[in-house]
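Report on the following structure.
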2 protein chains.
Amino acid sequence: MIEKSIEESIVLSIFDLSNQLKKIGDEVYQKVGLTTQQWLILLHLANNPNLPFFKREEHKKALMASELADSLNVSRANITNLINVLLEKGLVQQFEDSQDRRKKRLSLTKQGVALVEKTQPSRFAVIEYLMEGFTKDEKETFLRFLEQSMNRIINDEERIKSFHKMLVGV
Amino acid sequence: MIEKSIEESIVLSIFDLSNQLKKIGDEVYQKVGLTTQQWLILLHLANNPNLPFFKREEHKKALMASELADSLNVSRANITNLINVLLEKGLVQQFEDSQDRRKKRLSLTKQGVALVEKTQPSRFAVIEYLMEGFTKDEKETFLRFLEQSMNRIINDEERIKSFHKMLVGV
DNA sequence: TATAAATAGTTAATTATATTAACCATTTCC
DNA sequence: GGAAATGGTTAATATAATTAACTATTTATA
């Protein structure tokens with residue numbers, strides 16, 4: 001019998017919630033031929049200050065594909081594919097970096113900006129509805145919690161995996 | 001310019017954190033030839049009381065594939081495949097329901113139980129480490145927050161999607 | 001009580017989403 | 001000046017899922 005644990009309940013709920021949000025996102029954005037992943041790229045290119053990526057590090061210059069790969073935690077090759085769709089749809093544009101000719105900087109087109117702006121209110125409405133009834137303080141504490149967990153995962157990844165050393169050879 | 005919003009930061013962080021946890025899970029459980037999804041099935045069959053599924057509804061009888069499909073929010077066909085691997089590995093067993101011969105009940109084998117029990121301490125250690133430093137009260141508030149969000153998504157899914165009606169025809 | 005509808009599980013074919021490996025071009029580091 | 005690192009792409013592949021069709025069984029209904 002596994003014992004009850006608030007901590008494990010939280011982790012499993014985060015998993016569950018994230019799953020559901022992704023499903024809903026995929027269904028909603030499918031209407032404009034996008035996936036949740038592609039939508040996240042648009043949010044990055046819109047410099048959405050609420051993205052964990054922008055809290056971890058500042059970015060003055062336009063993003064490039066490899067930075068998106070970092071943020072979304074996927075391969076560069078995958079980003080190439082995701083971006084190709086956005087380019088075809090005319091939501092994103094690419095230009096060479098003047099200093100470093102290996103790099104391609106990405107930005108939203110006028111249409112891309114318009115799409116993000118247009119959907120902003122409804123996204124905010126959904127989000128507000130989900131967490132209605134909690135105080136600002138509670139939300140701030142919750143955010144700190146999520147950020148601490150992420151930091152520990154990023155900085156101590158090896159340590160975390162080492163907790164599971166015992167699994168080898170089962 | 002998108003404005004700062006605690007609420008959106010929380011949602012995007014949940015996404016990010018869940019992603020990272022899944023990546024780590026896949027890497028860790030790969031050592032025993034399992035994916036995070038298969039691992040979650042084992043947790044269900046171990047009747048882990050921390051799973052949102054068991055908080056939403058009580059289950060006296062052994063679970064069946066379609067209930068797992070509900071909980072993990074995937075198709076039944078997919079569950080069939082996931083379970084086949086667990087059956088091959090001898091971690092799970094299947095038996096027919098005596099009352100209803102359509103149904104197949106699932107349970108852990110001795111080995112399955114052993115595996116779950118063996119890894120329990122390390123899983124708990126990781127989880128505790130992630131949320132170290134927060135009080136019991138704070139954690140309880142997080143959990144209530146997550147549960148409310150999930151409930152609203154489940155009960156008001158149509159309402160949530162309707163927020164995005166405007167997307168059609170962009 | 002016969003029949004239609006619903007439920008549970010499986011299979012086969014397919015789609016979606018990602019990865020790895022190899023490669024080119026360019027820049028950075030000794 | 002040459003080796004190593006970085007950024008992006010391509011092609012081949014892996015994986016994880018889906019849908020649709022089917023069987024078996026049970027439940028609802030007319």
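Just so we're on the same page: letters track the sequence lines, and every chain starts at 1.
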- prompt: Taking atom types as they are modelled, is there a donor-acceptor pair under 3.5 Å from the base of dG8(D) to the side chain of R102(A)?
  reply: no
message: Less than 4.0 angstrom between a side-chain N/O of K22(B) and OP1 or OP2 of dA16(D), yes or no?
response: no
query: Which is true for S66(A) with a 4.0 Å heavy-atom rule: it touches a base, it touches only sugar-phosphate, or it touches nothing?
result: sugar-phosphate
message: Going 5' to 3' along DNA chain C, which are the first and last nucleotides with any atom under 4.0 Å from a heavy atom of chain B?
response: dA6(C) to dT19(C)
message: Can you tell me if N78(B) touches the phosphate of dA16(D), counting only side-chain N or O atoms and a distance under 4.0 Å to OP1 or OP2?
response: no
- prompt: Touch check for Q94(B), heavy atoms < 4.0 angstrom, all strands: base, sugar-phosphate only, or nothing?
  reply: sugar-phosphate
message: So that I can tick it off, tell me whether D16(A) and R56(B) are bridged by a salt bridge, with the cut-off set at under 4.0 angstrom between side-chain N and carboxylate O.
response: yes
- request: Mind checking D100(A) for me? I need base, sugar-phosphate or nothing, with any heavy atom below 4.0 Å counting as a touch.
  value: sugar-phosphate
- request: Answer yes when K136(A) and E140(A) have at least one side-chain N-carboxylate O distance shorter than 4.0 Å, and no when they do not.
  value: yes
- prompt: Phosphate oxygens OP1/OP2 of dT18(D): is one of them under 4.0 Å from a side-chain N or O of S75(B)?
  reply: yes
query: NZ of K55(B) to CG of N50(B): how many Å apart, nearest 0.5 Å?
result: 5.5 Å
query: Which part of the nucleic acid does A77(A) contact within heavy-atom distance under 4.0 Å: base, sugar-phosphate only, or nothing?
result: base
- prompt: With a 4.0 Å cut-off on heavy atoms, is Q38(B) in touch with a base, just the backbone sugar-phosphate, or nothing at all?
  reply: nothing
message: OP1 or OP2 of dA17(D) versus the side-chain N and O atoms of Q37(B): is any pair under 4.0 Å?
response: yes
message: Does either side chain, that of K23(B) or that of T36(B), offer a donor lying less than 3.5 Å from an acceptor on the other one?
response: no
message: Check whether E117(A) reaches the backbone of A114(A) with its side chain - one donor and one acceptor, N or O, closer than 3.5 Å.
response: no
query: So, D97(A) and R102(A), do they make that salt bridge, N to O below 4.0 Å?
result: no
